[in-house]
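Here the structure is laid out as structure tokens; the discussion comes afterwards.
Everything numeric here is computed off the predicted structure, so don't read it as measured data. One-based numbering, in listed order, for ligands and for the atoms of each.
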Amino acid sequence: MGQNNNNERTSRLSGFYKLPLSERVDIVADFAGLNEDEKELLIGSGHDAKQADLMIENTLGTFELPLGVAVNFLVNGQDYLVPMAVEEPSVLAAVSHAAKLFRAGGGFTATATDPVMIGQIQVLDVPDLDAAVAAIEENKEALLLQANCCDEIIINLGGGARDIIARPFPETPVGPMLVVHLLFDTRDAMGANSVNTAVEALAPMVSDLTGGRTSLRILSNLADQRVAMAKGTIPAAMLETHGIPGTEVARMIEEANAFAIVDPYRAATHNKGIMNGIDAVVIATGNDWRAIEAGAHAYAARDGRYQSLTDWHVDENGDLFGQIVLPMAVGMVGGATKVHPTAKVAMKILGVQSAGELAQVIASVGLAQNLAAIKALSTVGIQRGHMRLHARQVAMAAGATDDQVQRIANQLVAEKRINIGRAQELLAEEN
Ligand code: MEV
């Protein structure tokens with residue numbers, strides 16, 4: 001197994017997906033020289049692997065991430081415990097601390113637009129772009145009707161086609177192109193399937209009306225019609241840190257944000273910190289975090305220059321005001337939210353009633369995560385808190401057992417030598 005007829009080690013495995021899970025694991029074990037323990041680790045409890053086998057193809061098992069819960073979140077006057085799946089130490093501690101600071105100012109105020117997604121149809125070989133745009137405009141009603149042909153559930157729930165927009169591109173590397181946008185309200189679904197079905201159903205009509213040839217028909221992850229906004233004010237006194245007065249910290253946070261507004265190199269890191277929190281909730285709730293990542297970064301560059309997704313400034317009282325706006329294409333029906341067993345529990349912990357409410361909580365998490373990072377960065381630096389938590393991972397990587405991890409980590413921190421080599425030395429001394 002894992003070998004072809006000539007007994008060569010090969011990755012060319014025809015029909016691999018059709019094999020029973022255990023046989024797939026045997027083949028991979030053979031290929032990669034896995035031992036019985038490693039095979040066992042892949043298959044895990046068996047139950048999870050079976051579930052996973054129904055979700056994707058070529059399944060071997062499951063891959064687990066730590067799941068935690070962020071505390072202190074008050075959004076629109078409501079308390080939330082926010083489940084987060086993430087491997088990076090300090091994300092949960094930092095976001096919970098920041099949520100506490102927001103709470104002192106009354107918590108987060110968050111809103112979300114209607115859940116309107118964009119579906120795109122690419123039209124090529126259009127004989128006359130202006131005439132094609134006019135034809136789309138004139139036949140909007142019929143096009144909207146056609147777009148609503150195929151998803152009865154969403155239509156009955158009050159969703160469906162909202163608008164059609166024709167976007168001409170007279171010059172592209174392959175000649176003139178027309179792009180037709182369908183704006184489609186997907187209600188509590190993320191909506192990729194509904195939108196993709198709708199644009200596929202619409203394409204023949206678009207082709208007839210424009211005289212062009214339709215090619216790609218797919219949703220856009222730049223979901224700028226479906227954005228979530230969260231904002232809040234932190235009383236300056238709450239920001240006092242290591243002897244630095246709160247008003248001073250507020251000003252330093254504003255300066256840190258200005259850095260991310262003017263410089264894309266900083267903005268990338270600033271926004272990565274925001275996504276540390278956002279992705280963790282998106283993953284825990286079984287949503288598509290690649291879609292959220294793509295949307296966030298494209299949105300951050302929407303004005304032609306990549307910049308911060310947040311805005312921070314000191315208000316007239318000397319307190320710190322912060323705000324975030326970003327696309328938030330998350331759902332709570334369909335997809336893994338309703339299939340992944342842990343995601344189902346996570347959704348229950350979160351207790352949101354709609355995709356919009358989920359989007360509001362996630363935006364609040366992004367804002368809080370950003371605050372925690374730039375507050376630390378602009379005051380004591382990030383390493384102080386990070387390394388303390390990172391030390392545990394270093395100790396584990398060096399082979400510390402459960403009851404050794406904290407002791408070794410403490411020692412590494414005390415010595416300010418947080419590296420695997422030192423952890424191994426300490427373990428050797430102990431063992
Ligand atoms: C690390 O995962 C995230 C930070 O780099 C974010 C930031 O720099 O704002 C700390």
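Rounding to the nearest 0.5 Å places CD1 of I121 at 4.0 Å from CG of L202. I253 contributes atom CD1, which lies 5.0 Å from atom OG of S378 (distance to the nearest 0.5 angstrom). In this structure, CG in L21 is found 9.0 Å from CG in L42, a value given to the nearest 0.5 Å.
Residues Q307 and N271 bring no donor and acceptor atom of their side chains to less than 3.5 Å of each other.
Taking the charged nitrogens against the carboxylate oxygens, R251 and E248 do have a contact shorter than 4.0 Å, which makes a salt bridge.
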For a distance cut-off of 3.5 Å, show me each N or O of ligand 1 paired with any protein N or O, plus the separation.
from     : atom 1 : to   : atom 2 : distance (Å)
ligand 1 : 2 (O)  : E88  : OE1    : 3.4
ligand 1 : 2 (O)  : E88  : OE2    : 2.7
ligand 1 : 2 (O)  : K272 : NZ     : 2.7
ligand 1 : 2 (O)  : N276 : ND2    : 2.9
ligand 1 : 8 (O)  : R266 : NH1    : 2.9
ligand 1 : 8 (O)  : R266 : NH2    : 3.3
ligand 1 : 9 (O)  : R266 : NH2    : 2.7

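Just one of I278, N287, V227, L358 meets the side chain to side chain contact (heavy atoms under 4.5 Å, CB included) condition when paired with M328; it is I278.
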